[in-house]
Amino acid sequence: MPELPEVEIAARNLRAWALGRRIDLAEAEEQAKRIFRPGRPGTFAAALAGRRVTEVRRVGKQILVRLEDPSGGARPLGLISHLGMTGKWLRRDGGEDAPSHSRARLHLDDGVTLHYRDPRLFGRLRTVPGARFEDVPEVAALGPDPLDKGIDPARLATAFARRKTAVKVAMLDQALLPGVGNILASEGLFRARLDPRRSASALSRVEVKRLAEAVLASVKETIAREEGPEVAYVEEPGTENPFLVYGREGEECPRCRRETIRRIVQGQRSTFFCPRCQE
DNA sequence: ACCCGTGTTCGCTG
DNA sequence: TCAGCGAACACGGG
C-alpha cells in the first residue's frame, strides 16, 4: 500500500518476478470493473496475453510496465498499475492458494502467477496503446520523482508560495511531490521540525529546503528498511510500527521525550505531530 | 455498532 | 484558471 517507498518495492518485486518473462495468459475479475476503468476487465486481460515484459518503472505512485508486441512486431503496450489504498502485487508458484480479493492474474511462462490483490478496489490497472505513458494525463501531471531526480527546494518554494492551505495538505499534491502520501507528509514535517498546520506560503526558503531534505531522508530510510533481509511490505499484520510519529498518537515524542504525539485531522486525513518540537 | 484507513476524483464555490 | 473544500468510492480490521 502505497506511498513512494511501498510502490518502489512493488516495482522492484515486479521487475524481479516478471522482467523478460512472457505473459501466457491474463485474467481479470468481471466484478472488479472499477479497477479496469476505462475499459472492461475482459478487454484488459485479452490485451496482455502473449506479451513479454521488457521494462518496469515507477513514477510517483504509478508503476509503468512495458509489454512488447506478441509477434515481435513494433506495437508495444503499456500497463499502468496504481495501488490505491489496498492494492498489492503478490507472487504465487503453481499449486499455491490464490490470495483473497485477487482482482487480476498474470500467468507467466515460468509457471509463476502474479496476483493483483485489492480488497477496497481503489487501485487502477490500465493499458496504454503504444506504451506512450507520457500521453496519459495521470502520468503527465506528475512532477519530477523525488527518488529519481531529488527534490528541488526552489521549485517547491515557488509552488508553496501560492498555497494558503496547510503545508501538510499542500505536500500531498502529486504535481509537487509525486509519491508523497499521508505517512511521508507527517514523517517529513516531524524530521524538519515544522508545524503541519502552518500555511505552505508562510514557510521560509530555508524551511522548505529542510522539508525537502527531510522527505527524501524518510523515503530512503523506509525503502532501506523494507528491502531488508527479504523484500517485504512493512504493514504486514503483527509487524511493529516503523514510523517516528505516524500512528503514534498518545505516545512519547521520540525526540524531546517530554510531550505526547498528537493526532489532528487536516483535509479529511490524520496528521501526527509533536506540539513541542514542531513550530 | 462504530470508527478508522499508506488515495484519488468529482462537483461546487469564490 | 485555479485554489480550496467536502463527498464519494468500498471493504476489512480494531
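So you know, we letter chains A, B, ... as the sequences are listed, proteins then strands, and number each from 1. Nothing here was measured: the structure is a model prediction, and the numbers come from that model.
For the side-chain contact (heavy atoms from CB on, under 4.5 Å) criterion with A/I261, the lone passing option out of A/P275, A/C277, A/C274 is A/C274. When each of A/D145, A/I9, A/L14 is tested with A/R58 by the rule side-chain contact (heavy atoms from CB on, under 4.5 Å), just one qualifies, namely A/D145. Put simply, the residue from A/E6, A/H82, A/E8 that forms a side-chain contact (heavy atoms from CB on, under 4.5 Å) with A/K61 is A/H82.
To the nearest whole angstrom, the two P atoms, one in C/dG13 and one in B/dT8, are 23 Å apart. Comparing the C1' positions of C/dG12 and B/dT9 gives an interatomic distance of 23 Å, to the nearest angstrom. Between C/dC5 and B/dT6, the distance separating the two C1' atoms is 22 Å to the nearest Å.
Ring geometry for A/F36 versus A/F44: interplanar angle of 30 to 60°, hence tilted.
Side chain of A/R162, nearest nucleotide from B/dG5, C/dG4, C/dA3: C/dA3. Of the listed nucleotides (B/dC4, C/dC11, C/dC9), B/dC4 has the atom at the smallest distance from the side chain of A/S270. The nucleotide whose nearest atom lies closest to any side-chain atom of A/H101 is, among C/dA3, C/dG12, B/dG7, C/dG12. Each of C/dG6, B/dG5, B/dG7 was ranked by its minimum atom distance to the side chain of A/P2; first place goes to B/dG7.
OP1 or OP2 of C/dC5 has at least one side-chain nitrogen or oxygen of A/T165 nearer than 4.0 Å. Contact annotation: A/R269 side-chain N/O to B/dG7 OP1/OP2 distance is under 4.0 Å. Regarding contacts with the backbone of B/dT8, a side-chain N or O of A/H82 is found under 4.0 angstrom from either OP1 or OP2. Contact between the side-chain N/O atoms of A/K88 and the OP1/OP2 oxygens of B/dT6 is not found at any separation under 4.0 Å.
Nucleotides of DNA chain C nearest to A/K164 and A/L121 differ in position, and the one nearer the 5' end is that of A/K164. Mapping A/L172 and A/R120 onto DNA chain B via the closest heavy atom, the residue that lands nearer the 5' end is A/R120.
Going from atom CG of A/L4 over to atom C1' of B/dG7 covers 14 Å, rounded to whole Å. In this structure, A/D118 places its CG atom 10 Å from P of C/dC11, rounding to the nearest Å. Atoms CZ (A/R117) and C1' (C/dA10) sit 14 Å apart, rounded to a whole Å. B/dC10 atom P lies 14 Å from atom CZ of A/F122, rounded to whole Å. Taking atom CD1 of A/I35 as the reference point, atom P of B/dT8 lies 15 Å away to the nearest angstrom. Residue A/I183 contributes atom CD1, which lies 14 Å from atom C1' of B/dC4 at whole-angstrom precision. For A/N182 and B/dG5, the CG to P distance is 8 Å, given to the nearest whole Å. In this structure, A/E6 atom CD and B/dG7 atom P are separated by 11 Å, rounded to whole Å.
Here the CG atom belonging to A/D24 is positioned 14.0 Å from the CZ atom belonging to A/R51, to the nearest 0.5 angstrom.
Among the heavy atoms of the strands lying under 4.0 Å from A/Q268 is at least one base atom, whether or not backbone atoms are also near. A/R37 comes within 4.0 angstrom of nothing in the nucleic acid, heavy atoms only.
Pair assignment for B/dT9: C/dA7, on the basis of Watson-Crick or G-U wobble contacts that are both within less than 3.5 Å.
Linking Ile, Leu, Val, Met, Phe, Trp and Tyr residues whenever their side-chain heavy atoms come within less than 4.5 Å places A/I63 and A/L121 in a single cluster.
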